[in-house]
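Residue numbering restarts at 1 for every chain, and letters A, B, ... go by the order of the sequence lines.
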Amino acid sequence: MGIDLSASERRDSGVCLMDNLRVRTFRAKRDEEIIALVRKFRPKLVAIDAPLSLPLSNEGLRQCDRELLKRGVRVFPVNFRAMKQLTERGIRLKALLEAEGFKVIEVFPGGAQDVLGLPRKRNNLAGLREGLRQLGLRGVKPDATHDEIDAVTAAYVGWLYLNGLVELISDGQGGGIVMPLPYPPKFVSGVSLYRKGFYWHAHEAWEEVWREADEPYRSFLKGLIQTAAALIQCDRGKWKGALNLIGRVQRYLSRCPPKLWGVDVVNLLAQVRTFHKEVSKLAEGRKTQFNWRVKPRITLEGATVPFKERLRRSKTDLPERQKGVMLANHV
DNA sequence: GGACTCACTTGGCGCGACGT
DNA sequence: ACGTCGCGCCAAGTGAGTCC
């Protein structure tokens with residue numbers, strides 16, 4: 001659940017419920033109304049768009065705010081009435097929700113939109129709505145208010161958090177702002193699909209990025225795409241085909257610099273060599289069963305939250321069946 | 001009464017003007 | 001040529017005023 005909190009209980013706050021990228025939005029004024037929605041839907045995570053800690057001493061900016069500024073993301077200082085009021089409300093709401101066992105994180109939709117390459121609501125609300133749709137979100141009302149749109153963005157960052165695709169910008173006080181990883185969103189969603197065993201869909205997501213990419217990213221993406229293709233061949237027991245693809249993966253990746261978009265390419269290449277050895281044994285008949293543990297793992301630098309890796313290919317990862325529905329559910 | 005606009009809040013940064 | 005100063009912009013939110 002994402003909440004675009006307003007400072008005053010007299011004004012609307014936006015609330016977004018998200019289930020596998022399908023969203024429903026609500027508006028609520030009082031804390032009690034917001035808490036009632038949380039109790040009703042019992043989300044895995046509540047992502048609140050409001051500062052959830054105050055700056056030390058009388059400064060206007062926290063450690064995380066300064067870090068964002070350094071990265072070119074503009075933030076508002078917290079030391080005047082409206083922002084203080086918002087922060088105090090955020091902290092109060094967080095405490096109330098945590099007391100009931102809900103997990104709460106701080107997010108910053110404006111900054112997240114910058115990182116995801118989306119326009120901010122003030123500049124282009126329609127463009128923001130369309131950008132969210134392109135990220136795979138479904139169910140955003142055409143007449144959704146800017147509060148609701150920011151709540152959707154907050155929920156999306158929460159979803160990325162649950163999938164291990166975010167970084168925590170520390171406030172130096174044990175908390176901080178959860179932000180999307182600063183890599184191309186389609187690339188990141190490909191990584192997510194790959195981890196979940198949707199190799200065909202991962203391949204499609206990466207291919208979309210590849211079409212517009214320049215070297216060395218082209219070679220890097222080609223390497224990832226062929227890795228996904230090789231795993232599909234392994235799933236079908238086609239060892240020769242897999243071996244062919246893995247050979248190409250090694251050539252593509254060895255052309256790359258040691259680190260790209262947060263991926264340790266040297267480490268990935270080492271994993272691909274192990275993968276190659278395993279498939280060689282199968283191709284030569286020295287082994288009969290593929291050990292899925294050799295599936296190369298793609299880890300992204302800066303990601304703070306662990307994720308689940310699915311080794312075998314997902315049963316629903318089929319290109320011909322209900323592609324639209326599947327992408328909506330799994331991207 | 002709702003939707004919209006405007007002015008105001010703080011802090012940092014970029015840019016142009018000016019000084020040495 | 002380089003350093004410094006000050007202005008304007010902008011970030012997210014409130015609240016008052018205006019219009020329909």
Mind listing the side-chain donor-acceptor pairs of residues 74-85 of chain A below 3.5 Å, one per line with the distance, residues two or more places apart or on another chain?
none

Discussion item. With heavy atoms of chain A within less than 4.0 Å as the criterion, where does contact along DNA chain C begin and end?
Written reply: C:dC9 to C:dG15

Fill in: Interatomic distance where CG belongs to A:D114 and C1' belongs to B:dC13 [whole Å]
15 Å

Item to complete: Look up atom CG in A:L135 and atom OG in A:S189, then write down how far apart they are to the nearest 0.5 Å.
Response: 8.0 Å

Discussion item. Regarding A:R71 and A:E167, does a basic nitrogen lie under 4.0 Å from an acidic carboxylate oxygen?
Written reply: yes

Worksheet item: How far apart are the C-alpha atoms of A:D147 and A:R27, what are their side-chain angles, what is the distance that settles it, and do they pass the salt bridge (charged side-chain N to carboxylate O under 4.0 Å, His left out) test?
Response: CA-CA 8 Å; A:D147 297 323; A:R27 273 175 277 173; over 6 Å; no

Practice prompt. Answer yes if the ring centres of A:W200 and A:F198 are under 6.0 angstrom apart, and no otherwise.
Written response: no

Worksheet item: Does the gap between the ring centers of A:Y156 and A:Y161 come in under 6.0 Å?
Response: no

Discussion item. Any residue in residues 76-84 of chain A with a heavy atom nearer than 4.0 angstrom to DNA chain B? Just list them by number, or reply none.
Written reply: A:F76, A:P77, A:N79, A:F80

Worksheet item: Are any of the side-chain nitrogens in A:E284 or A:R286 under 4.0 Å away from the carboxylate oxygens of its partner?
Response: yes

Item to complete: Please work out whether the ring planes of A:W261 and A:Y217 are parallel, tilted or perpendicular, with thresholds of 30° and 60°.
Response: parallel

Fill in: Whole-Å distance separating the CZ atom of A:R11 from the P atom of B:dC4
13 Å

Discussion item. For DNA chain C, which residues of residues 61-73 of chain A approach it to below 4.0 angstrom with any heavy atom?
Written reply: none

Worksheet item: Taking CG from A:L86 and P from B:dT10, how many angstroms apart are they, rounded to a whole number?
Response: 17 Å

Item to complete: Would you mind telling me which residue lines up with the more 5' stretch of DNA chain C, A:R74 or A:S8, judged by nearest nucleotide?
Response: A:R74

Worksheet item: Would you say A:E148's side chain and A:D4's backbone share a donor-acceptor pair under 3.5 angstrom?
Response: no

Item to complete: Cation-pi check, A:K186 to A:W206: give yes when NZ or CZ is under 6.0 Å from the six-membered ring centre and within 45° of the ring axis, no otherwise.
Response: no

Item to complete: Would you classify A:R89 as touching base, sugar-phosphate or nothing, given that sugar-phosphate means primed atoms plus P, OP1 and OP2, and contacts are heavy atoms under 4.0 Å?
Response: nothing

Which donor-acceptor pairs under 3.5 Å do side chains of residues 249-259 of chain A form with protein atoms, sequence neighbours excluded?
from, atom 1, to, atom 2, distance (Å)
A:S254, OG, A:Q250, O, 2.8
A:S254, OG, A:R251, O, 3.0
A:K259, NZ, A:E301, OE2, 3.3

Worksheet item: Hey, are A:E98 and A:K94 close enough for a salt bridge, meaning a charged N less than 4.0 Å from a carboxylate O?
Response: yes

Item to complete: May I ask you to decide if A:G127's main-chain N or O and A:N124's side chain share a donor-acceptor pair within less than 3.5 Å?
Response: yes

Fill in: Stretch residues 116-129 of chain A: residues that reach within less than 4.0 Å of DNA chain C through a heavy atom
A:R120, A:K121, A:R122

